[in-house]
Amino acid sequence: MTAPGTPVVIDGGDRTCVKLLLELRKRITELPPGTTIHLIASDPAAPVDLPAWCHLTGHTYLGPLPDAPMPTYALRTTDRPAATGAEAPWHRDRT
């Protein structure tokens, strides 16, 4: 467990954005609203896909961390995220 206000770091490594979003969707459900996440992601599509996914779900995209040693992006969880598909987190859940 992390201290309040301490960002949760998720290392996406060299996963593609599809796998990153699957991991992020899973991990984010375990976190309280207002949690800041620092997602390490080397996929070149991450700077485009992460803001789009945050817009889709209602989470807040805070942007890249310029001083991070690896490509890292910050976001904040919302208290009422839009549900996305378990196998396709880039689509809203229609159930």
Side-chain angles (χ1 to χ4, degrees):
M1 177 161 237
T2 58
T6 302
V8 171
V9 176
I10 299 174
D11 188 350
D14 61 354
R15 292 184 191 118
T16 63
C17 267
V18 170
K19 291 181 181 177
L20 279 172
L21 291 179
L22 288 168
E23 174 73 16
L24 185 57
R25 182 187 182 278
K26 177 184 168 191
R27 294 279 308 272
I28 224 167
T29 61
E30 304 166 354
L31 300 173
T35 299
T36 298
I37 297 171
H38 288 176
L39 178 65
I40 300 167
S42 61
D43 187 314
V48 174
D49 288 349
L50 290 173
W53 185 79
C54 286
H55 179 75
L56 172 75
T57 60
H59 298 294
T60 303
Y61 180 70
L62 302 173
L65 300 178
D67 296 330
M70 297 176 60
T72 304
Y73 306 90
L75 57 122
R76 185 173 304 116
T77 59
T78 184
D79 60 342
R80 294 185 185 158
T84 59
E87 299 301 319
W90 49 91
H91 293 289
R92 288 231 169 120
D93 188 6
R94 302 285 184 209
T95 58

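When reading the values below, keep in mind they use all heavy atoms of this one structure, side chains included, and skip hydrogens, waters and symmetry mates.
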(request) Heavy atoms only: give me the nearest Pro44-Pro47 pair and the separation to one decimal. (result) O-CD, 3.2 Å
(message) Using every non-hydrogen atom in the two residues, find where Arg76 and Leu62 come nearest and quote the distance to one decimal.
(response) NH2-CD1, 3.7 Å
(request) Check the hydrophobic clustering (I, L, V, M, F, W, Y; side-chain heavy atoms under 4.5 Å; chains of links allowed) and say if Leu31 and Leu39 are grouped together. (result) yes
(request) Measure from the side-chain N and O atoms of Arg27 to the backbone N and O of Ile10, and report whether any donor-acceptor pair falls under 3.5 Å. (result) no
(request) Answer yes if Tyr73 and Val8 sit in the same cluster of Ile, Leu, Val, Met, Phe, Trp and Tyr residues linked by side chain heavy atoms under 4.5 Å apart, and no otherwise. (result) yes
(request) Measure from the side-chain N and O atoms of Thr77 to the backbone N and O of Thr35, and report whether any donor-acceptor pair falls under 3.5 Å. (result) yes
(message) Please report the interatomic distance CG(Leu24) to NE2(His59), rounded to the nearest 0.5 Å.
(response) 7.0 Å
(message) According to a hydrophobic-cluster definition based on side-chain heavy atoms being under 4.5 Å apart (Ile, Leu, Val, Met, Phe, Trp, Tyr only), do Leu56 and Leu22 belong together?
(response) yes
(message) So does Cys17 get a backbone contact from the side chain of Asp43, meaning a donor-acceptor N/O pair under 3.5 Å?
(response) yes
(request) Would you mind listing the cluster partners of Ile40? Hydrophobic ones only (ILVMFWY), side-chain contacts under 4.5 Å, chaining allowed. (result) Val9, Met70
(message) Assigning hydrophobic clusters by single linkage (Ile, Leu, Val, Met, Phe, Trp, Tyr; side-chain heavy-atom cutoff under 4.5 Å), is Val18 placed with Ile28?
(response) yes
(request) Taking all heavy atoms of Ser42 and all of Asp14, pick out the closest pair and write down the distance. (result) OG-CA, 3.3 Å
(request) Write down the atom of His38, the atom of Ala74, and the distance for their closest heavy-atom approach. (result) CD2-CB, 3.8 Å
(request) Indicate the atoms forming the closest heavy-atom contact of Ala68 with Thr72, along with that distance. (result) CB-OG1, 3.5 Å
(request) Quick one: pull up CG in Leu75 and OG1 in Thr36 and give me the separation to the nearest 0.5 Å. (result) 8.0 Å
(request) To the nearest 0.5 Å, tell me how far Leu20 CG sits from Asp49 CG. (result) 9.0 Å
(request) Can you measure from OG1 (Thr60) to NE2 (His55) and round to the nearest 0.5 angstrom? (result) 12.0 Å
